[in-house]
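Structure record follows, encoded as structure tokens.
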Amino acid sequence: MIRLMNVSKHYNKTQTQALKNVSIDIDQGEFVYLIGKSGSGKSTLLKHLYGQVKPTNGHVVFDSYIVSRLKSNELYRLRREVGVVFQEYNLLDYKTVYENVAYVLEVTGVEENQIEERVMEALTTVGLKHKELDLPEHCSGGEQQRIAIARAIVHKPKLLIADEPTGSLDPRTSLKMLQLLHKINRSGTTVVMSTHDYSFVEHMPARVIRLENGIVKSDRSKNHTLLILNNTMGEFYVV
Ligand code: ADP
């Protein structure tokens, strides 16, 4: 579904080699943690997936799109298939929870009679149906991130990208957010989530790709991750 082939990214402005010859394949339906310290290239890699930056060398393919070759006026087609959430929620503070989510469908020309059903479905998934008429400022940080997630999934994307989605949340709320992302994944959406917090993997194991200075240092399947976790607990079997 996603293929990065020998992707390198050099930022001229800062003379930084953010990605070095990265090759990764991700299948439809996978949950992937992208792990690495700050500055290791996680955001840069994710931006390649939704066409925000173009590789200096190599290719990025998503389904039938050669993302690395899409022109800026063709990106909107890709963006219908990909939802993105960030550490910052980027909500419109003068719109209600409902309107923040509906807005995405309105600008992409979805028919009026479908909008309500789809917005309420997304709000139900994230557990915020009861908040539909509230303004974001009357919602907690965790709830605001849920609005952002509802907005990202309301057009039923094949891929959900979450770039440090828990960066502004306390540990308990972060864990709930993680559970929500796994729930969305179980409904068939591929999820790629960046984090510098390895403890998430212990709570909810999945494939882990670790970046270090723009290089893929390791790429472990879920079973391998479970083996490592069990190993640290003194057991030696794959669950
Ligand atoms: P991470 O998400 O792991 O923190 P980033 O992908 O944001 O890593 O950054 C990787 C490297 O690329 C860092 O050294 C960062 O300073 C640099 N970088 C990121 N974005 C830009 C940009 N837009 N212009 C110039 N340098 C950038």
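Nothing fancy with the numbering, it's 1 onward along the sequence. For ligands, and for the atoms within them, numbers begin at 1 and follow the listed sequence. Atoms considered below: every heavy atom in the structure, side chains included; atoms not considered: hydrogens, waters and symmetry mates.
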Notebook entry, point to check: Quick one: does Leu19's side chain get under 4.5 Å of His48's, heavy atoms only?
Noted result: yes

Note to self: On a heavy-atom basis, which atom in Met177 and which in Gly142 lie closest, and how many Å separate them?
What the structure shows: CE-O, 3.5 Å

Margin query: Check this for me, if you would: do Arg207 and Asp219 make a salt bridge, where the nitrogen-to-carboxylate-oxygen distance has to be below 4.0 angstrom?
Written below: yes

Note to self: Suppose I only count heavy atoms of Ser38 and a 4.0 Å limit; which atoms of ligand 1 are within that range?
What the structure shows: 4 (O)

Margin query: Checking a contact table here: which protein heavy atom is nearest atom 27 (C) of ligand 1, and how many Å away?
Written below: Tyr11 CD1, 3.2 Å

Margin query: Taking the side chain as everything from C-beta on, heavy atoms only, tell me whether Phe62 gets closer than 4.5 Å to Lys158.
Written below: yes

Margin query: Tell me whether ligand 1 is touched by Ser40 - counting only heavy atoms on the residue side and a distance under 4.0 Å.
Written below: yes

Margin query: Going by a strict under-4.0 Å cutoff (protein heavy atoms only), does atom 21 (C) of ligand 1 have a neighbour on the protein?
Written below: yes

Next item on the list: Starting from atom 1 (P) of ligand 1, locate the nearest protein heavy atom and write down its residue, its atom name and how far away it is, to 0.1 Å.
Entry: Gly39 N, 3.4 Å

Next item on the list: Take atom NZ of Lys176 as the centre, draw a 6.0 Å sphere, and report whether it contains more than 12 heavy atoms from other residues, nucleotides or ligands.
Entry: no

Next item on the list: Side-chain contact test, heavy atoms from C-beta onward, threshold under 4.5 Å: evaluate it for Glu99 versus Tyr94 and give yes or no.
Entry: no

Note to self: Which residue and atom name correspond to the protein heavy atom nearest atom 16 (O) of ligand 1, and how close is it?
What the structure shows: Thr16 OG1, 4.9 Å

Check: Between Ser8 and Asn21, is any side-chain donor less than 3.5 angstrom from a side-chain acceptor?
Finding: no

Check: Among protein heavy atoms, which lies nearest atom 8 (O) of ligand 1, and at what distance?
Finding: Gly41 N, 3.1 Å

Next item on the list: Identify, for atom 26 (N) of ligand 1, the protein heavy atom at the shortest distance, and state residue, atom and that distance.
Entry: Thr14 OG1, 2.9 Å

Notebook entry, point to check: Relative to the heavy atoms of Lys37, which atoms of ligand 1 are at a distance of less than 4.0 Å?
Noted result: 3 (O)

Margin query: What protein heavy atom lies closest to atom 5 (P) of ligand 1? Include the residue and the distance to one decimal.
Written below: Thr44 OG1, 3.7 Å

Note to self: Checking a contact table here: which protein heavy atom is nearest atom 7 (O) of ligand 1, and how many Å away?
What the structure shows: Ser43 CB, 3.7 Å

Margin query: Assess the residue pair Ser199 and Asp197 against the criterion (side-chain hydrogen bond (donor to acceptor under 3.5 Å, both in side chains)); give the C-alpha distance rounded to whole Å, side-chain angles, the decisive distance to 0.1 Å, and a yes or no.
Written below: CA-CA 5 Å; Ser199 71; Asp197 190 345; 2.7 Å; yes

